[in-house]
Undergrad: 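For reference, the structure I am asking about is given below.
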There are 4 protein chains.
Amino acid sequence: MPHESPGSPPSDPPGPDASRRSDRARRAILSATRDLVAEVGYTRLTIEGIAAAAGVGKQTIYRWWRSKAAVLFDAILEVNSHEQGSVDLPDTGDLESDLRLVLRGTVAALAEPANDRLQRAIAAEIQTDISVAEELVRRLLRPQLDACAARITLGIRAGQVDESVDADLAVELLFGPIFHRWLLRTGRLDDQFADNILALVLKGLRPH
Amino acid sequence: MPHESPGSPPSDPPGPDASRRSDRARRAILSATRDLVAEVGYTRLTIEGIAAAAGVGKQTIYRWWRSKAAVLFDAILEVNSHEQGSVDLPDTGDLESDLRLVLRGTVAALAEPANDRLQRAIAAEIQTDISVAEELVRRLLRPQLDACAARITLGIRAGQVDESVDADLAVELLFGPIFHRWLLRTGRLDDQFADNILALVLKGLRPH
Amino acid sequence: MPHESPGSPPSDPPGPDASRRSDRARRAILSATRDLVAEVGYTRLTIEGIAAAAGVGKQTIYRWWRSKAAVLFDAILEVNSHEQGSVDLPDTGDLESDLRLVLRGTVAALAEPANDRLQRAIAAEIQTDISVAEELVRRLLRPQLDACAARITLGIRAGQVDESVDADLAVELLFGPIFHRWLLRTGRLDDQFADNILALVLKGLRPH
Amino acid sequence: MPHESPGSPPSDPPGPDASRRSDRARRAILSATRDLVAEVGYTRLTIEGIAAAAGVGKQTIYRWWRSKAAVLFDAILEVNSHEQGSVDLPDTGDLESDLRLVLRGTVAALAEPANDRLQRAIAAEIQTDISVAEELVRRLLRPQLDACAARITLGIRAGQVDESVDADLAVELLFGPIFHRWLLRTGRLDDQFADNILALVLKGLRPH
DNA sequence: AGTTAAACGAGACGGTACGTCACGTCTTTCC
DNA sequence: GGAAAGACGTGACGTACCGTCTCGTTTAACT
């Protein structure tokens, strides 16, 4: 695990006594990290730079995080944490419009220039550091995919989707092309693209 | 463009005189790069390390490549170059089995541990360096996607696919989920997964 | 000034905090410098070599010295520092034998092979770097010349030297030929030469 | 010997065929060397820089000179060569004014800013490279000193100088202090200084 | 006049050292 | 007694030149 997550039991790695931790320093570090990665990109993001920008000693960073990636990860989580509890999709009864909302939201989040660098930084780190990947999947991606799959399962029960369909697979058909475009930069991300994917996938989901 | 591609006009950037270039050095560098990235990973791959392993001066690398990523890119291209001319898919008449061949091949290529680090290294670099992305898309990804789309278009003419379908979009539905799993490490890559995707997508492509 | 001398006010350039300076590193650097310059000569003396021989990071050298010459300078000063307070000449009453002692000592110091390279290195650097010259003159040469002039002045008061004589000029007549031979390698340096100079100069100094 | 002097027998080292040597290249190299050393100083003078400024290949320099110092040496000699045949001093009958002419000339030559860097470069090189020193002494310094000694010898015969005086030593008393000041930068060089030295030395030379 | 061999310009090559940056650790000094 | 400040040993960066080594292209001496 790349970092000391707030809710984790303090036992696993011995580590320093988290109760003495300065929250002021912690917030300054994560905030400075977000600012810097947006400004100079992940490659030129440095621990020394974060420490200087946060007005913090380097040791304070090393005391609480294992690596640059771990800091970055927490910096992102702190921003996206609102999604953690509320990963349920709306259920208006209209499956297509519910999914459209999610896909368009995803496209918008990825296209948003402010977040772009932050999220690409994590994406790059995932290629190198498997523990970052596991953490990200467990705490961000999996909940989102599961929530979407749950909505599709509701569609099955409502008879809008063929009962033979694997909801988890369907979800990957929806998100896969979007991340494919974003991660490999094979094309533009916009609502039109999201809608086209959704339409084509839904054709394959419908009963009969 | 991160490198001096064979067919490019010699005018664009002045650059060094490529006719004097030592092919011995070039091959030693690309070979050492492949060996090292497989051995220590991309993050710990260094120009100095490549130069030492290749028995070459650092300047010889900097003379011909803009960055570590550009070297790595050529190192990959040299291996994958066989795919360049032959990006046509088989046309046995059976669209499903033709596509299955491609998808399984893609899955196998990504899962192959020897290539894994090499390809992830480029994937990571794409997040940072847009010119690497453009080059990769132009010379590797786009040809593959286009070839696949061409096969689907044949399927449309043969009446196996609904004529309203956008072949390019369909291709992204096929490859998107695979790369999504691989890049974000959200799940295992195997033939079963490829087959499931193919089956579900084809349901959406069929006439009616 | 090429270096942070012990007694200098800490104000001039802000620089690093000298109070945190590692004395162990400082001594290792100066000692390694002396060893290396004696071994390989000044031209082949490198910062990297010093750092390696001293078991020190290059940055530690660059943090405290402006250049290779500045390090070398301190390396010499540390050895010659004993002369700083005690630049007074003996006053036996016999001017000639007192001066002979000094001149023979100078000749011996320059001829001594161990010091030769060290001192020539500084001499060479003086041709290039004026600040090194100023420092050397101020801290080593000027005190020596002044002390010698003071002894001659005593000789004037004692009636051994004509009172019209400029003591400072007389000193340059004594040392000039010695350094001329040494620096331009126009001839051998030995006691005989020192004695001959002294005899001839004294002829010009005597009353009437 | 650091260079292929014009009059030397072409046998000693086989070397290249001097008859084919391009005089255009030779002059361009020496001229560029003088310009560059005056512009950037000896330390930053590079073979590559000379070659580029002279419009010449590096190999052409290495073919004819052993080192940077050898090039510089010839560059200086080419300028000072006029003094080679005419190292005789004037003999007006007045020893003091004849010597004054020489000393003031020496002071002026050293103080001249245009030559300063060129001559200091050689002076610095002498500290490192003994063969450069020998060449310089043999071809420039020794002839000058000898010519001056010859003039003093004439003074001895004319009864202006005590016959017990060693003319060679006397010459070193005259030039030593000047070069001492110049090489170690211990004081200003001007006519006043030259005159003062001369006066004091002559006091020691006079009969009785 | 034609041949041929060397010098020439150009510059790529394997190297060494440069001076800088950031790493992660360790130590000192405050609050 | 945790945190700021920052010096330390380490190692890679990208650059500048080194001296050697081909490349074609003059150029000048000998057929």
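Heavy-atom basis, side chains included; hydrogens, waters and symmetry copies ignored. First the proteins, then the strands, lettered A, B, ... as listed; each starts at 1. Since this is a predicted model, take the numbers as computed values, not measurements.
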Undergrad: When the distance from CH2 of B:Trp64 to P of F:dT15 is rounded to whole Å, what number comes out?
TA: 16 Å
Undergrad: When you measure from the side chain of B:Tyr62, which nucleotide among E:dA12, F:dA28, F:dC13 comes out closest?
TA: F:dC13
Undergrad: Does a side-chain N or O from D:Arg63 land closer than 4.0 Å to OP1 or OP2 of E:dC8, or not?
TA: yes
Undergrad: Under 3.5 Å, is there a donor-acceptor pair between the side chain of D:Lys68 and the main chain of D:Leu45?
TA: yes
Undergrad: Please determine whether the number of non-hydrogen atoms from other residues, nucleotides or ligands lying under 6.0 Å from atom CZ of A:Arg44 exceeds 12.
TA: no
Undergrad: Starting the side chain at C-beta, find the nucleotide from F:dA4, E:dA22, F:dC13 nearest to A:Thr46.
TA: E:dA22
Undergrad: Quick check on DNA chain E: between B:Ala54 and C:Lys68, whose nearest nucleotide comes earlier from the 5' end?
TA: B:Ala54
Undergrad: Expressed in angstrom and rounded to an integer, what is the separation of B:Ile50 atom CD1 from F:dC13 atom C1'?
TA: 13 Å
Undergrad: Could you check whether D:Arg26 gets within reach of a base, just the sugar-phosphate, or nothing at all, counting any heavy atom under 4.0 Å?
TA: nothing
Undergrad: Would you classify D:Gly55 as touching base, sugar-phosphate or nothing, given that sugar-phosphate means primed atoms plus P, OP1 and OP2, and contacts are heavy atoms under 4.0 Å?
TA: sugar-phosphate
Undergrad: Does a nitrogen or oxygen in the side chain of B:Arg21 sit under 4.0 Å from OP1 or OP2 of F:dC23?
TA: no
Undergrad: Hey, is the side chain of D:Thr60 poking within less than 4.0 Å of OP1 or OP2 on E:dG9, counting only N and O atoms?
TA: yes
Undergrad: Taking N and O atoms by type only, does the side chain of A:Glu48 place a donor or acceptor under 3.5 Å from a partner on the base of E:dC21?
TA: no
Undergrad: Within this structure, what is the CG-to-C1' distance between B:Leu45 and F:dG11, rounded to whole angstrom?
TA: 15 Å
Undergrad: For F:dG19, take OP1 and OP2 only and decide whether either is under 4.0 Å from a side-chain N or O of D:Trp65.
TA: no
Undergrad: Are side-chain N/O atoms of D:Glu125 and D:Tyr42 paired as donor and acceptor at under 3.5 Å?
TA: yes
Undergrad: Between D:Ile47 and C:Ala25, which is nearer to the 5' end of DNA chain F once each is assigned its nearest nucleotide?
TA: C:Ala25
Undergrad: Taking atom P of E:dG11 as reference, at what distance in whole Å does atom CD1 of D:Ile61 sit?
TA: 15 Å
Undergrad: Would you classify D:Arg44 as touching base, sugar-phosphate or nothing, given that sugar-phosphate means primed atoms plus P, OP1 and OP2, and contacts are heavy atoms under 4.0 Å?
TA: nothing
Undergrad: Under the 3.5 angstrom rule, does the side chain of C:Arg117 hit a backbone N or O of C:Glu39 as a donor-acceptor pair?
TA: yes
Undergrad: Which is more 5' along DNA chain E, the nucleotide nearest A:Lys58 or the one nearest B:Asp23? Just name the residue.
TA: B:Asp23
Undergrad: Heavy atoms from C-beta onward define the side chain here; which of F:dC21, E:dT20, F:dT15 lies closest to that of C:Gln59?
TA: E:dT20
Undergrad: Think C:Arg20 forms a cation-pi with C:Trp64, using NZ or CZ under 6.0 Å from the six-ring centre and within 45 degrees of its axis?
TA: no
Undergrad: Within less than 4.0 Å of OP1 or OP2 of F:dA4, is there a side-chain N or O belonging to C:Arg20?
TA: no
Undergrad: Picking from F:dG14, E:dA7, F:dC8, which would you name as closest to the side chain of C:Ser22?
TA: F:dC8
